[in-house]
Chemist: 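Once you've had a glance at the structure underneath, I'll fire off some questions.
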Amino acid sequence: MQSTHLTHFGVLEAESDGKSLRSRPWRGDPDPRRIIDNVASSQHHPTRILRPAIRQGWLEHGPGGTGRGDEPFVEIEWDEALHLVAEELKRVYAERGSSGVYGGSYGWSSAGRFHHGQSQIHRFLNCLGGYVSAVGDYSYGTSGAILPHVVGASPADVMVNGTTWEVIADHTELFISFGGLSEKNSAVGPGGIGRHSTRGSVKTARESGCQFIDITPIRDDAFAIADSEWIAPIPGSDTALMLALAYVLDAEDAVDSDFIEKYTVGYDRFLPYLRGSSDGIPKTPVWAEPITGIDSELIIDLARRMARSRTMINLSWSMQRQDHGEQPIWMGVTLAAMLGQIGLPGGGFQHGYGSSADVGLAKRVSSPPSLPRGKNRETAFIPVARISDMLLEPGKVIDFNGHEITLPDIDLVYWVGGNPFHHHQDLARLRRAFQQPSTVIVHEMFWTSTARHADIVLPATMTIERDDYGAGRNDPQFFPMPTLTAPAGEAKDDYAIFAELERRLTMLKSFSEDRTPQQWLRHLYDEWQERLRARGSRVPDFDEFWSSEHIDIPLVDERQVLFSEFRTDPEKNPLRTPSGRIEIFSEVVDSFAYDDCPGHPVWLEPREWLGSRNSRHPLHLISNQPKTRLHSQLDVGDTSKTSKVHDREPARMNPEDAAARDLKDGDVIRIVNDRGSCLAGLVISNALRPGIVQLATGAWYDPDPDDPSFCRHGNPNVLSADLPSSRLSQGTTAQHALVDVEKWNGPLPPLTVDKPPTFVPGRTRPHR
Ligand SMILES: Nc1nc2c(c(=O)[nH]1)N[C@H]1C(S)=C(S)[C@@H](COP(=O)(O)OP(=O)(O)OC[C@H]3O[C@@H](n4cnc5c(=O)[nH]c(N)nc54)[C@H](O)[C@@H]3O)O[C@H]1N2
Ligand SMILES: Nc1nc2c(c(=O)[nH]1)N[C@H]1C(S)=C(S)[C@@H](COP(=O)(O)OP(=O)(O)OC[C@H]3O[C@@H](n4cnc5c(=O)[nH]c(N)nc54)[C@H](O)[C@@H]3O)O[C@H]1N2
Ligand SMILES: [Mo]
């Protein structure tokens with residue numbers, strides 16, 4: 001059988017003998033990326049979870065107890081596993097109610113609109129009575145809090161309605177990207193990407209005369225084809241750089257005061273700060289030079305070029321995954337407002353060109369169908385990155401976007417489609433936090449570190465093992481995803497697991513509505529087709545769709561420009577801010593009286609950065625997204641594995657920094673700070689500003705048995721701080737940490753996370 005299949009990283013063409021898969025990238029993709037090879041090559045890896053498994057201590061002594069992450073597992077029959085899960089859910093809901101169940105379950109899951117893990121678990125727990133949820137995300141949790149105050153729109157709104165690449169090619173003269181315009185990150189789109197078009201769009205813009213400037217400590221956060229200028233600031237200093245650019249615009253009378261007058265509020269409150277009359281510090285290029293490490297003459301020149309060009313300011317998502325990450329986003333919008341080009345073709349700003357494959361595509365008339373999640377009757381929630389705080393400090397009151405919230409007391413954690421032991425900060429702390437609840441249930445395809453820290457582990461199918469359909473967030477192509485191969489081992493769909501639990505919990509079919517997956521696919525599609533028809537758009541019938549390679553969802557306007565309607569008529573089309581305009585000063589944010597996020601953008605020193613005085617750790621770790629996989633997904637697949645050095649995650653350093661430590665390319669190094677340490681394989685590279693160590697996220701956490709703060713594999717989150725960007729957003733600050741690096745001279749410990757965990761003989765059948 002041969003078929004195409006959508007993933008977060010593109011479309012694959014597969015040949016299957018029914019059991020396993022040979023794949024190659026789809027011929028329809030002009031720019032396929034190798035991440036996709038991870039899929040077929042990992043399907044039957046030894047770390048695939050083949051049967052339900054229970055932590056030994058939990059099976060023998062019941063809920064509670066320590067030992068998560070240390071004890072062996074016992075494989076058991078599905079029937080018994082489902083019985084145990086159902087009984088435990090009954091107990092916790094009876095004793096503690098929905099406020100004792102954490103179902104926030106953050107994570108990317110897989111492509112596919114029906115089997116999407118987050119939708120499945122949230123629908124199931126909603127049918128059961130609700131769950132403590134998580135708001136926001138790790139991607140743009142901080143901008144997600146600040147942008148609505150400033151422009152009345154979420155990051156997703158800004159992206160979906162953003163200026164398209166077609167418009168950029170025709171109009172943009174200067175494309176300035178804070179955080180770079182990453183080739184590697186445009187490999188991936190949330191929910192999938194049909195054709196990778198970013199490289200082609202950048203090429204067209206460049207050929208039309210657009211100049212690209214990448215502001216990033218890492219030179220290869222770029223497309224070679226963009227032929228971009230590279231400005232390498234000290235990480236975490238972008239707000240100071242933007243302030244100095246703004247200072248020059250003001251001093252040289254290059255601010256568009258008509259725009260400021262008509263479309264913004266609060267500039268008069270910001271200006272005294274910029275000029276220094278309120279705090280005695282004019283934010284001049286000379287002031288910014290030692291903070292940013294960028295020559296003041298270069299800053300002046302850049303400001304002048306911005307003022308005389310049609311300029312697009314791009315703020316990558318990495319800008320805000322930092323301490324005080326609100327500030328570069330707010331200041332970036334302020335800078336764009338001062339240039340007066342917001343709402344004009346090719347000018348203004350965007351949050352995330354290059355951060356994901358779909359940014360810069362035009363909006364569709366409708367998003368494709370998805371599984372309804374139902375309503376959550378539980379009102380308790382956490383900002384997503386406060387997971388360890390919640391488990392370790394129930395009852396603690398924290399600030400969040402003008403509210404005070406009390407961290408709930410959790411008895412049961414249920415995770416489907418995410419890997420917190422990859423994604424969360426300070427993993428040794430998370431491990432302590434995961435000892436607190438009575439029970440942790442995880443559905444997974446692989447023995448990830450999260451599965452290893454659970455009590456009940458249920459094997460889930462991969463997308464290639466089930467029928468689904470999918471399209472990315474802003475991608476017009478909608479793909480059928482028919483089953484390609486049989487499931488590995490005894491893996492079941494998350495849906496099938498929940499449907500069987502529903503039966504045992506006598507939930508009156510409110511979850512499954514008594515439909516098979518195929519019936520759901522057809523039902524949701526038919527409803528969607530009807531909704532579209534009512535609005536005058538046509539798509540083929542389900543059967544025609546299902547037998548096609550893909551269909552195209554109609555677009556609203558290929559030449560959309562962010563905030564063009566607001567610009568045309570701000571009275572008729574106000575922004576959804578209190579003033580209806582862009583808020584350079586926000587009365588609302590000011591009223592919260594947070595010292596870490598005052599009423600207008602400001603430069604606040606990060607807690608950890610190269611400007612820190614008295615730090616014992618002289619290097620700045622950037623833990624960005626990996627080129628060879630999506631986060632931690634399929635880390636055992638071919639593309640990810642071949643990038644490893646002595647089986648460790650590659651870490652890059654500048655030649656100067658390596659020489660100062662007597663390190664050679666290919667050495668195993670230990671990266672260390674006060675929170676933890678990890679091994680990594682050294683790659684020496686001129687692409688890095690001196691003083692930087694770059695270690696991508698996602699190597700499966702492989703804790704040393706005697707010291708869980710030491711990861712043998714190279715997960716940077718043993719080093720990152722579990723501290724929020726501010727009281728406003730409580731967002732993650734994952735991207736940055738101070739560290740030191742030394743050569744690893746000891747014997748190289750073998751990895752364990754790339755092998756199955758230890759099993760002890762089961763009660764119901766002998767283990768494998
Ligand atoms: N240091 C540092 N840390 C970071 C970041 C950083 O920049 N620096 N970035 C952060 C960001 S932006 C993000 S988005 C997060 C990502 O964090 P996650 O989204 O948690 O990471 P993934 O590796 O995508 O984890 C998804 C997991 O779901 C499983 N899975 C996939 N499909 C299915 C399914 O259908 N069913 C089930 N049951 N399981 C499935 C996969 O096997 C995988 O283990 O990481 C964050 N962490
Ligand atoms: N291949 C691949 N693509 C992905 C993902 C993946 O895992 N793999 N993950 C997807 C997800 S979930 C997300 S959220 C996006 C993330 O998209 P981004 O947040 O844009 O991606 P990152 O790779 O974390 O960071 C991009 C670059 O920002 C630069 N940078 C870091 N700190 C600073 C700073 O202080 N100042 C400046 N000027 N630059 C800085 C770094 O050099 C870094 O390489 O990527 C998506 N795309
Ligand atoms: Mo993300």
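Just follow the structure's listing: the first ligand is 1, and inside any ligand the first atom is 1. It should be emphasised that the depicted structure is a prediction, and the values quoted were computed from it without experimental measurement.
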Chemist: May I ask you to identify the nearest protein heavy atom to atom 15 (C) of ligand 1, giving residue, atom name and distance to one decimal place in Å?
Modeler: His423 CB, 3.6 Å

Chemist: May I ask you to list the atoms of ligand 1 that are less than 4.0 angstrom from any heavy atom of Gly107?
Modeler: 18 (P), 19 (O), 20 (O)

Chemist: State which residues pass ring-ring contact (aromatic ring centres under 6.0 Å, His included) with His631; sequence neighbours excluded, sorted by chain then number.
Modeler: Trp108, His422

Chemist: List every atom of ligand 1 that sits less than 4.0 Å from any heavy atom of Gln735, numbering the atoms from 1 in the order shown and giving each element.
Modeler: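 Reading through ligand 1 atom by atom, the close ones are 7 (O).
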
Chemist: Quick check: does Ser720 get an N/O under 3.5 Å from an N/O on ligand 1?
Modeler: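 In fact, backbone or side chain, Ser720 has no N or O that close.
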
Chemist: Donor-acceptor pair, Arg321 side chain versus Tyr138 backbone, under 3.5 Å?
Modeler: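 Judged by distance alone, yes, a pair lies under 3.5 Å.
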
Chemist: State which residue, out of Glu465, Gln43, His44, fulfils the side-chain hydrogen bond (donor to acceptor under 3.5 Å, both in side chains) condition with Thr485.
Modeler: Gln43

Chemist: Checking contacts here: is it the side chain or the backbone of Thr697 that comes within 4.0 Å of ligand 1, counting heavy atoms only? Could be both or neither.
Modeler: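 Under 4.0 Å from ligand 1, Thr697 contributes side-chain atoms alone.
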
Chemist: Output yes when the distance from some N or O of ligand 1 to some N or O of His443 is under 3.5 Å, and no in every other case.
Modeler: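 Checking ligand 1 against His443, an N or O pair does fall under 3.5 Å apart.
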
Chemist: Measuring from the heavy atoms of Met319, does anything fall under 4.0 Å of ligand 2?
Modeler: yes

Chemist: Any ion pair linking Arg195 and Asp475 (charged N to carboxylate O, less than 4.0 Å)?
Modeler: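 Between Arg195 and Asp475 there is no salt bridge, as every charged N stays at least 4.0 Å from the carboxylate O atoms.
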
Chemist: Counting each atom of ligand 2 from 1 as listed, which ones have a heavy atom of Gln322 under 4.0 Å away?
Modeler: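 What qualifies from ligand 2 is 32 (N), 33 (C), 34 (C), 35 (O).
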
Chemist: Counting heavy atoms only, which of Tyr138, Trp609, Trp317 is nearest atom 13 (C) of ligand 2?
Modeler: Trp317

Chemist: Could you tell me which atoms of ligand 1, counted from 1 in the order shown, lie closer than 4.0 angstrom to a heavy atom of Ser110?
Modeler: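 Answer, ordered by atom number: 31 (C), 32 (N), 33 (C).
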
Chemist: Arg33: heavy atom below 4.0 Å from ligand 2, yes or no?
Modeler: no

Chemist: Applying side chain to side chain donor-acceptor pair (under 3.5 Å), can you list everything that pairs with Tyr140, at least two apart in sequence or on another chain?
Modeler: Arg473

Chemist: Tell me whether His631 has any N or O atom under 3.5 angstrom from an N or O of ligand 1.
Modeler: yes

Chemist: I'd like to check which ligand 1 atoms, numbered from 1 as shown, lie under 4.0 Å from a non-hydrogen atom of Val416.
Modeler: 38 (N)

Chemist: In the protein, which heavy atom is nearest to atom 22 (P) of ligand 2, and how far is it?
Modeler: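 Minimum-distance protein heavy atom for atom 22 (P) of ligand 2 reads Asn185 ND2, 3.5 Å.
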
Chemist: Assess, by modelled atom type and distance only, whether the side chains of His424 and Tyr106 contain a donor and an acceptor separated by less than 3.5 Å.
Modeler: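 Their side chains do not contain a donor-acceptor pair, so the 3.5 Å distance test is not met.
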
Chemist: Could a heavy atom of Gly236 be found less than 4.0 Å from some atom of ligand 2?
Modeler: yes

Chemist: Check each of Trp447, Phe434, Trp415 against Phe421 using the ring pair (Phe, Tyr, Trp, His ring centres under 6.0 Å) test, and report the only one that passes.
Modeler: Phe434

Chemist: Using heavy-atom distances, let me know which of Asp221, Asn624, Ile231 sits nearest atom 41 (C) of ligand 2.
Modeler: Asp221

Chemist: Is there a heavy atom of Gln694 sitting under 4.0 angstrom from any atom of ligand 2?
Modeler: no

Chemist: Could you tell me which atoms of ligand 1, counted from 1 in the order shown, lie closer than 4.0 angstrom to a heavy atom of Ser109?
Modeler: 31 (C), 32 (N)

Chemist: When the aromatic ring centroids of His443 and Phe498 are compared, is their separation below 6.0 Å?
Modeler: yes

Chemist: Distance alone, cut at 3.5 Å: any donor-acceptor contact between the side chains of Ser632 and Asp635?
Modeler: no

Chemist: Report, in ascending order of atom number, the atoms of ligand 1 lying under 4.0 Å from any heavy atom of Thr448.
Modeler: 44 (O)

Chemist: If the threshold is 4.0 Å, N to carboxylate O, is there a salt bridge linking Asp220 and Arg652?
Modeler: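 A salt bridge is present here (some side-chain N lies under 4.0 Å from a carboxylate O).
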
